[in-house]
Amino acid sequence: MVIWMKKKADLRVIKTHKALYESLIYLLKEKEYEEIKVSDLCQKALINRSTFYAHFNDKYDLLDSFLKDLKQSLIEELEENKKINSIKEYYLELIKAFINHIDNNKNTYKSIIINNRNSIILDMLYDTIKNDCKKRLEQFSTPLQKEIPDNIVLEFYLGGIVNLGIYWINNSHYKKEEIIGYLEKLLPNE
């Protein structure tokens with residue numbers, strides 16, 4: 001997981017954030033977020049409370065920082081998706097990037113989405129993918145876009161992509177390649 005690897009940051013800061021992020025993920029597997037205390041996080045991360053408060057105001061600040069780093073890693077993965085020739089190819093590459101991101105951060109998503117039913121992370125995923133889709137839809141002109149407003153097309157595909165990712169987290173007996181193959185059959189060529 002590279003979500004806490006910030007450019008030109010102090011190595012001690014990186015190590016502290018990494019330890020706290022990993023502690024947060026671990027504790028989210030055991031209990032709901034509201035039940036987690038700063039002392040639990042510090043004990044699991046093997047740091048003092050004063051060190052925690054030197055980096056974060058409270059556990060909500062820690063969660064916010066963690067989600068921002070997770071979002072940034074998803075944005076970077078989506079931006080690798082540059083050389084696209086058609087809208088179908090874009091959606092296939094988008095779902096591949098999204099599924100790979102989920103796979104690379106599976107423990108995180110399982111802890112937050114499944115164990116805690118946290119909608120904050122769902123909102124983050126939805127907004128990040130929506131922003132990427134908005135930028136990319138402007139590049140393509142399809143017959144469908146002439147008949148249906150862009151925002152309707154966008155919401156339709158967004159719902160499918162995000163829900164498919166969540167479904168895959170909950171039903172990981174499907175391989176990534178199977179999910180992508182099914183999607184390729186579902187998406188129209190235009």
Side-chain angles (χ1 to χ4, degrees), residues 1-5 18 21-22 24-26 28-29 33 63 66-190:
M1 219 189 281
V2 272
I3 57 178
W4 45 72
M5 301 304 278
K18 179 180 178 185
Y21 288 172
E22 289 175 348
L24 178 63
I25 294 166
Y26 179 85
L28 285 170
K29 290 178 190 175
Y33 178 73
L63 180 63
F66 175 71
L67 292 176
K68 283 179 182 173
D69 284 354
L70 189 62
K71 179 179 182 175
Q72 186 58 41
S73 74
L74 177 57
I75 290 169
E76 289 169 7
E77 290 173 41
L78 293 176
E79 286 178 353
E80 291 176 12
N81 203 5
K82 294 283 185 199
K83 297 175 184 168
I84 304 297
N85 298 318
S86 71
I87 195 75
K88 180 176 181 172
E89 186 181 346
Y90 166 68
Y91 282 120
L92 286 172
E93 291 303 315
L94 174 66
I95 198 66
K96 285 178 192 174
F98 184 53
I99 294 288
N100 284 329
H101 175 77
I102 289 173
D103 193 37
N104 293 336
N105 298 284
K106 205 164 208 166
N107 286 336
T108 300
Y109 285 110
K110 279 190 172 199
S111 297
I112 296 174
I113 293 175
I114 297 172
N115 301 344
N116 282 274
R117 311 272 186 248
N118 192 312
S119 67
I120 295 171
I121 201 160
L122 295 177
D123 292 343
M124 180 275 294
L125 290 172
Y126 189 82
D127 288 341
T128 304
I129 293 172
K130 184 175 186 173
N131 290 336
D132 192 73
C133 284
K134 277 183 179 179
K135 286 190 297 188
R136 302 304 174 95
L137 279 177
E138 294 169 0
Q139 296 175 355
F140 301 105
S141 178
T142 67
L144 191 61
Q145 286 176 294
K146 293 174 185 166
E147 297 176 37
I148 304 170
D150 286 349
N151 60 332
I152 300 296
V153 174
L154 180 65
E155 293 297 327
F156 175 78
Y157 284 109
L158 275 174
I161 291 166
V162 173
N163 284 320
L164 183 61
I166 293 166
Y167 177 80
W168 186 63
I169 291 170
N170 289 318
N171 299 282
S172 57
H173 59 276
Y174 290 104
K175 294 178 182 171
K176 289 189 294 187
E177 296 76 21
E178 287 178 300
I179 294 291
I180 292 164
Y182 297 146
L183 183 67
E184 190 168 2
K185 290 176 185 173
L186 284 171
L187 286 172
N189 286 329
E190 291 296 324

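- A distance of 9.5 Å separates CE of Met124 from CG of Asp127, quoted to the nearest 0.5 Å.
- The shortest side-chain heavy-atom distance between Asp132 and Tyr90 falls under the 4.5 Å cut-off.
- Closest heavy-atom contact between Ala97 and Glu77: O-OE1, 3.7 Å.
- The two residues Tyr21 and Asp69 make their nearest non-hydrogen contact at OH-OD2, 2.8 Å.
- In this structure, the side chains of Leu125 and Phe98 come closer than 4.5 Å at one or more pairs of heavy atoms.
- Every side-chain hydrogen bond (donor to acceptor under 3.5 Å, both in side chains) that Tyr26 has, sequence neighbours left out, goes to Glu30.
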Give the C-alpha distance, both sets of side-chain angles, the deciding distance and a yes or no for side chain to side chain contact (heavy atoms under 4.5 Å, CB included) between Leu70 and His101. CA-CA 9 Å; Leu70 189 62; His101 175 77; 4.0 Å; yes
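- Judged as a salt bridge (Lys or Arg N to Asp or Glu O under 4.0 Å), and not counting sequence neighbours, Lys106 has no contacts.
- Heavy atoms only, all atoms of each residue included: Leu154 and Cys133 are closest at CD1-CB, 3.1 Å.
- Put simply, OG1 on Thr128 and CG on Leu74 are 5.0 Å apart, with the number rounded to the nearest 0.5 Å.
- The structure places NZ of Lys130 at 13.0 Å from CD1 of Ile161, a figure rounded to the nearest 0.5 Å.
- Residues meeting the side-chain hydrogen bond (donor to acceptor under 3.5 Å, both in side chains) test with Lys175, sequence neighbours left out: none.
- Scanning for side-chain contact (heavy atoms from CB on, under 4.5 Å) contacts around Ile152 gives Ile148, Pro149, with sequence neighbours left out.
- Shown here are the side-chain contact (heavy atoms from CB on, under 4.5 Å) partners of Phe156, two or more places apart in sequence or in another chain: there are none.
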Verify side chain to side chain contact (heavy atoms under 4.5 Å, CB included) between Leu24 and Tyr33, making sure each step is shown before the conclusion. CA-CA 9 Å; Leu24 178 63; Tyr33 178 73; 4.0 Å; yes
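- Rounding to the nearest 0.5 angstrom, the gap separating the NZ atom in Lys96 from the CG atom in Leu78 is 14.0 Å.
- Residues Phe66 and Ile25 meet the side-chain proximity criterion, which asks for heavy atoms closer than 4.5 Å.
- Taking every heavy atom of both residues into account, Leu92 and Ile180 meet most closely at CD2-O, 4.1 Å.
- Here the CD1 atom belonging to Ile102 is positioned 11.5 Å from the OG1 atom belonging to Thr108, to the nearest 0.5 angstrom.
- Qualifying side-chain hydrogen bond (donor to acceptor under 3.5 Å, both in side chains) partners for Gln72, counting only residues two or more places apart in sequence or in other chains: Glu76.
- Tyr157 is not listed as a side-chain neighbour of Leu94, based on a closest heavy-atom distance of 4.5 Å or more.
- Expressed to the nearest 0.5 Å, how far CD of Glu177 lies from CD of Glu184 amounts to 12.5 Å.
- Using the six-membered ring where Trp is involved, Tyr174 and Tyr167 have ring planes that are tilted, between 30° and 60° apart.
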Give the intermediate values and the outcome of side chain to side chain contact (heavy atoms under 4.5 Å, CB included) for residues Lys68 and Lys71. CA-CA 5 Å; Lys68 283 179 182 173; Lys71 179 179 182 175; 5.6 Å; no
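- In terms of the salt bridge (Lys or Arg N to Asp or Glu O under 4.0 Å) criterion, residue partners of Lys176 (sequence neighbours excluded) are, by chain and number, Asp103.
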